[in-house]
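For reference, the structure discussed in these notes is given below.
In what follows, chains carry the letters A, B, and so on, assigned in the order in which the sequence lines appear, proteins first and then strands, with residues in each chain numbered from 1. Reckoned from all heavy atoms, side chains included, excluding hydrogens, waters and symmetry mates.
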Amino acid sequence: MLWTAATALLSHWRRRPLQLATLVLGLSLATALWSGVQAINAEARASYARASSVLDQKELTQLVPRRGDSIPQGTYTKLRRAGWNVSPVIEGDHRIGNTRVRLIGIDPLTMPAKAGGFKTGDTSNLTAFMSQPGVLIVSQGTALKLKGHTQMQLQISPDMPDGAAFTDIGIAESVLKRRGELSRLLVAVEQRPDLPSLGTIAPEIARKEPGDRPDVAQLTDSFHLNLTAFGFLAFVVGLFIVYATVGLAFEQRRATFRTLRSLGLPLSSLTLLLVTELLVLAFVAGVVGVVIGYVVASLLLPDVAATLQGLYGASVPSSLSIRPSWWATGLAMAIAGTIVSSAESLWRVRSMPLLTAAQPRAWLRATTVGIRVQLAVGLLLLIMSGALATFGHGLMVGFAVLGCLLLGAALMLPGVLSACLAVLQKRSSRALVTWFWADTRQQLPGLSLALMALLLALAANVGVGTMVSSFRLTFIGWLDQRLAAELYVMARDESEASRLRAWLPARSTSVLPIWSVAGEVLGDRLEIFGAAADDPTYRDNWPLLSGTVDVWDRIAAGRGVLVNEQFWRRKALGIGTGLVLPGGWEVPIVGVYSDYGNPKGQVIVGIDALAAHYPHVSKLRYGVRVPPADAAGLKERLTSEFGLPAENVIDQTTLKRQSRAVFDRTFVVTGALNAFTLGVAGFAMFSSLLTLSGIRLPQLAPVWAMGIRRRDLALLEVLRTLALWLATFIAAVPVGLALAWVLLSIVNVEAFGWRLPMRIFPMDWLILAIVALAAAIVSIFVPLRRLATIAPSDLLRVFANER
Amino acid sequence: MLLSLRNVSKSYTTAEGRLDILKGIDFDLDAGESVALTGESGSGKSTLLHLAGGLDHPDTGQILSAGRDIAALDDRGRAEYRRAAVGLVFQQFNLIPSLDVAANISFHAKLAGRHDREWERELVGRLGIEALLSRYPEQLSGGQQQRVAIGRTLAARPPLVLADEPTGNLDESTGDAVIGIMLSLTKSAGAALLMVTHSSRLAQMLDRKVHLSGGKIV
């Protein structure tokens, strides 16, 4: 009996293959973007965990300094003598050639076995590892970059992430100039039972338990949250398609349901068959979606990897691994999404009286009441969004503001459109125009989900586009100010740097050292830069967000420190607040500067003060001011007289071009996701119009019979779609701008620590409008063709019997 | 002569092959005359009505209305003919669901450029639908919907009213009432009426009866 009933139910799809394709494709697209984004996130997180496990030994308990950034060698000796099985680590950033690597110095003799990550091999290898010139254990990629730039032997390890190197602690101590200053101590699992407590031997250090999330994972949370939000948005838009298609398919089959039940099929069996049918469709669509998602993720991953590298210095491979958990999650999302979007239709079947006739048009009209409820809920959500934006704090609140804003606006759209159409209908006196508005209004319930999807996609495009363009404009302006020097020179070693310092002043307007040391300030590891603050370059160009009147004088005199915006916001600092820099040097904050693209804190002190407090500072890099016309000549002389390779003398234009390229690549992913979301919304529109075109004839046939040509009716259908599209676009602009404001003023501040001014780019909207218009025209093409070529006999059938 | 069909034939291609519906029909209708078109199912009554209304075109033959051949008109010409010269009343009422009763009634008259408020008011009064003007079709009973459909047709003052089993969906007493109103109003408007019906009782109420069988008038 069940199989016979199933055959009858499935015959619906056989007769309507396009409807079936719409359903499967809608769900596939929704699943694809969601699972694609999840695949990227999973790959990145796995990579952070792998890198952290190797580089930070997060699986081991560690001992870290309570204040400052180093543990004295003596403390380590004391602990060893007291019986503590600990192993020292010295780490820091080190530049080899043009490559900055995170150098981790370890002691292979005391290193706990669980630390893993590197293998020195047999005794002869161990000897080579521990003696000059030393060994660098690096990844294949890093080895390629370092080749020819170091005398150290390069040993490739497949476990090593890019941009990091293990070496012997003695060599690291010498290279990083951290004599007797250990970064941390690894605590072996095997310890004597009667160890004296840490507090009695070394109160200046603290225990750090294993299992903390990698720092980079925490740092990149906001980025992955952004991706997830986009994926979820596309998923919701896709579910709109499923909801509309399943709803109509159920309504169209109501007569079949009624007949099957009249013939004795129990309601429970009918429900079981329908649920099974949905699950099978969801499974098929889920598999297709996960496969598309894999392709999408593979295409996007190289750009995501570049973004993560550029923004956070996080190393993520550009190739994707297939993870069973990700497959399972994608399929589960497809099935859960189908069940959620079909629940209402299933419930209607369960509660349907046996003799209720099929009413596809009534099904659409029934949602008119829902439009009013939607309007009220939408308004409530907008109010909630405003309240959260005003009174809330934190990244999650930022996303809640976004969620309420988008959902509220989407829910309100059909109600607002309906009200506008009612006014237009009332104001028109010509019969055809009145009918046009009235009929458009009647189509709203059927199109509302597609229009809501379109609104979400357009608003996301306007909002994210405004954010990116505002960011770009600000970033470029900021870059122009900050990269003021005509040439940037990097010496290969300190002696060459010394010669450069002597040679350059006679051939340039001024020489600006770019020296920095890494250190811990207020618990954050950051870079401390020195600035030649008495040089007009800084006074004229350096972009300050706020500062004291005599800010540069105080910096030059070593009586003040500048902090970057993100550190200032994160630590809630103020002008005048004292800051304790490594070594106990306390200095007040005299200004705040914008520092876009840098996720970490940064401070600037006077160059002389930096050199005085941190004498081991690397003095390799310089900005050189010359009249722009002389820059090329000086670059040539630097290359010829010092033999500096081209990559060690970079002119301002090249540097700006490189920075802009990094910036643009950062937002390639955002652009791609925007386009995908718009594509899904376009498909939602297509699917809704196609669905409606199937039940439009009874509405159009009487008008045709009264003397309106099919061609004119088709033209009116185009105008209707364009009118609704235009109205949705107009509604999307303010919603998008509100979205941009939330992104710039709340989400970015919480996620990255910088606040950007919002700029308006009407030309971008025009381009978006043209793209969306093209999508609208494509979406109506098939239904329109169907209408324009419909035979009079099909229209006459409307008058012959009830469809 | 208001309407003349000369040697009109019409066939359809079906899955089973070509199906001849009308075979060389000749038929005349005078202005103000009412004619009942009867015949068994599939005899071609509705097809003849559709051809006369410019909704479909014949394979061969002429359909002359006020001297011009409807069959020779292009899509634009036939649309103009339907707007200006014909009023249609269907079994399924076929009101416009998005418009209220008042807008439905004036719709065709406005399209035809013959909107007359006084005449419309009189029609509404005689059809007894004054209280329904602000309602939508879905809120009306079958009888009410058919009265609105008649009002819509007659409000446009067409010289020819074509009705395809207008009482087919109504019970007998409602159907009689509707036909009574339609005949009376058609006469008042000076329009000719060609009505398809299965009912010989209703056919008796009209001036003349034409019977179709096997695609021919017998």
Side-chain angles (χ1 to χ4, degrees), chain A residues 359-366 368 418 421-422 425-426 428-446 695-714 720 788-803, chain B residues 10 12-14 21 46-47 49-51 53-57 74-100 102-113 115 136-139 149 152-153 156 158 162 164-165 168-169 196:
Chain A
Q359 289 181 302
R361 276 180 290 155
W363 167 71
L364 290 181
R365 278 198 301 273
T368 312
S418 179
L421 289 169
Q425 183 191 341
K426 218 164 235 173
S428 57
S429 55
R430 290 183 58 197
L432 203 58
V433 179
T434 309
W435 169 76
F436 176 78
W437 294 125
D439 191 54
T440 306
R441 194 164 165 231
Q442 199 193 28
Q443 303 310 310
L444 264 188
I695 54 173
R696 283 288 281 149
L697 284 192
Q699 294 154 19
L700 296 175
V703 185
W704 168 76
M706 279 183 273
I708 305 298
R709 288 182 299 166
R710 281 170 298 166
R711 216 182 72 178
D712 296 332
L713 285 174
R720 185 191 329 282
T789 56
I790 195 164
S793 55
D794 289 327
L795 285 160
L796 290 172
R797 213 169 290 145
V798 172
F799 307 119
N801 51 53
E802 185 61 275
R803 287 157 59 85
Chain B
K10 179 73 183 175
Y12 289 112
T13 308
T14 66
I21 305 291
S46 291
T47 303
L49 203 75
H50 292 157
L51 293 175
L55 295 166
D56 209 348
H57 47 87
D74 61 4
D75 195 39
R76 177 191 286 269
R78 280 204 302 278
E80 198 270 325
Y81 167 71
R82 290 199 299 273
R83 246 191 342 262
V86 183
L88 296 154
V89 180
F90 300 104
Q91 182 181 345
Q92 303 297 339
F93 327 127
N94 295 102
L95 297 175
I96 296 171
S98 53
L99 298 178
D100 62 18
N104 258 292
I105 288 178
S106 59
F107 187 75
H108 193 178
K110 284 183 176 175
L111 282 184
H115 186 219
Y136 282 84
E138 77 214 42
Q139 298 168 315
R152 177 179 68 183
T153 301
L162 302 171
D164 192 356
E165 296 192 48
N169 268 355
V196 168

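A salt bridge is absent between Arg711(A) and Asp75(B); no separation between the charged side-chain nitrogens and carboxylate oxygens falls under 4.0 Å.
If you measure heavy-atom distances from Leu55(B) to chain A, the contacts under 4.5 Å come from both the backbone and the side chain. Of the two parts of Trp437(A), neither the backbone nor the side chain holds a non-hydrogen atom closer than 4.5 Å to a non-hydrogen atom of chain B. Proximity to chain A is limited to the side chain of Ile96(B), based on heavy atoms less than 4.5 angstrom apart. Thr440(A) does not touch chain B: none of its heavy atoms, backbone or side chain, sits under 4.5 Å away.
You'll find the side chain of Trp704(A) reaches within 4.5 Å of the side chain of Leu796(A), heavy atoms only. Using a 4.5 Å heavy-atom threshold, the side chains of Leu88(B) and Thr153(B) count as separate.
Nearest heavy atom pair, residue Val89(B) against residue Ala149(B), reads CG2-O, 4.5 Å. Nearest heavy-atom pair, Gly54(B) versus Arg78(B), reported as atom, atom and distance to 0.1 Å: O-CD, 3.5 Å.
When each of His115(B), His108(B), Lys110(B) is scored by its heavy-atom pairs under 4.5 Å with chain A, the top score falls to His108(B). Between chain B and the residues Gly707(A), Ala431(A), Ala701(A), the most heavy-atom pairs under 4.5 angstrom are made by Gly707(A). Contact count versus chain B (heavy atoms, under 4.5 Å) is highest, among Leu700(A), Asp712(A), Leu795(A), Ile708(A), for Ile708(A). Considering only heavy-atom pairs separated by less than 4.5 Å from chain A, the leading option among Asp100(B), Asn94(B), Thr47(B) is Asn94(B).
Just one of Arg83(B), Arg82(B), Arg152(B) meets the side-chain contact (heavy atoms from CB on, under 4.5 Å) condition when paired with Met706(A); it is Arg152(B).
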